[in-house]
Amino acid sequence: MAMKHLISIDDAQINLLLNRASLIENKKIYLDHSRKILCNLFYEPSTRTSSSFASAMYKLGGKVISINDVNYSSVAKGENLEDTIRTMGTFCDAIVLRSRTAGEAARAAFVSEVPVINAGDGNGEHPTQTLADLYTIHKEFERLDNLTVTFVGDIENGRTVHSLDKALPDCEKHFIDTFDKSIWPASDVYYLTRVQKERGSEGSYRMRKEHIQHIPENAIVMHPFPRNEEIPTWFDNDPRARYFQQMRNGLIMRMAVLADIFSNEK
Ligand code: NCD
């Protein structure tokens with residue numbers, strides 16, 4: 001059974017999507033959704049999520065209607081979320097929604113006639129980023145259990161952290177917030193995030209030489225981006241850096257997610 005909506009990472013059949021992403025990446029399946037129209041509806045800024053969904057849709061042969069800044073839509077005239085969702089569901093076959101408050105994606109799904117994909121709801125969840133993250137981790141270690149994962153950054157308000165934490169129940173996890181200046185524990189994965197100032201978070205941190213010295217040789221350093229000062233750019237060429245691959249994996253995984261959603265059709 002394909003997903004109807006993707007609101008929480010709990011809605012995703014992770015193994016199925018990892019397999020499909022791998023088939024897509026290795027050109028083992030050909031997908032054609034050329035009659036489908038996707039709506040990108042973004043109430044918060046986005047570079048990677050909105051563009052990778054658009055790119056994924058075009059690669060599947062489909063089309064995209066983008067409302068990348070709701071201030072130029074009827075939202076600026078006071079239209080509520082439910083009416084906007086019903087409207088875009090009339091014109092599109094699925095809606096990718098980024099919203100400002102946790103719980104809004106679920107609210108949208110409740111009234112929507114077409115599938116809703118949560119592209120981040122306030123400090124709630126961000127399931128497609130997590131699927132991209134899981135694909136990245138799985139490619140590296142060929143498993144998603146028995147790993148040690150250290151989250152560094154905005155634990156409270158980072159929605160990517162919330163979804164990834166949920167998706168890794170059988171790993172050893174450490175959480176280091178922005179005020180904790182200790183040396184990081186030895187881990188397989190270091191998952192760094194930006195301080196979500198727009199959600200009232202404070203503090204700052206920077207990955208320093210003394211942290212990097214303690215990162216094992218086979219470990220990987222991930223970041224959903226955008227980065228601020230967490231990771232110095234000189235680390236980008238380090239063999240442990242995986243954040244640019246993570247972006248590319250996001251594109252492939254979004255193709256897998258869209259194909260899954262559209263496979264529901266009679
Ligand atoms: C994240 C988000 O929007 O939650 N960005 C993304 O989608 N890759 C991370 C962030 O904004 O810090």
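Remember, it's 1-based here, ligands and their atoms both numbered in the order they're listed.
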Verify, without hydrogens or angle tests, whether His174 (side chain) and Trp184 (backbone) share a donor-acceptor contact under 3.5 angstrom.
no

Give the numbers and elements of all ligand 1 atoms closer than 4.0 Å to a heavy atom of Thr49.
6 (C), 7 (O)

Heavy-atom distance to atom 3 (O) of ligand 1: which of His223, His126, Arg159 wins?
Arg159

Lys173 NZ/CZ over Phe175 ring centroid, <6.0 Å and within 45° of normal
no

In ligand 1, the atoms that come under 4.0 Å of a heavy atom of Arg98 are 2 (C), 3 (O), 7 (O)

Report yes if Gln196 has an N/O atom closer than 3.5 Å to an N/O atom of ligand 1; otherwise report no.
yes

Please confirm whether Pro224 comes within less than 3.5 Å of ligand 1 when only nitrogen or oxygen atoms on both sides are compared.
yes

For ligand 1, which part of Glu44 has a heavy atom less than 4.0 Å away: the side chain, the backbone, both, or neither?
neither

List the residues meeting ring-ring contact (aromatic ring centres under 6.0 Å, His included) with Phe141, not counting sequence neighbours, and say none if there are none.
none

Is a side-chain donor or acceptor of Asp93 paired with a backbone partner of Leu38 at a separation under 3.5 angstrom?
no

Atoms of ligand 1 under 4.0 Å from any heavy atom of Phe225, numbered from 1 in the order shown, are 1 (C), 5 (N), 6 (C), 8 (N), 9 (C)

Which pair of heavy atoms, one from Met253 and one from Leu17, lies closest together, and at what distance?
CE-O, 3.7 Å

Arg194 heavy atoms within 4.0 Å reach ligand 1 at atoms 10 (C), 11 (O), 12 (O)

Could you check whether any side-chain N or O of Thr130 sits under 3.5 Å from a backbone N or O of Leu164, counting only pairs where one atom can act as donor and the other as acceptor?
yes

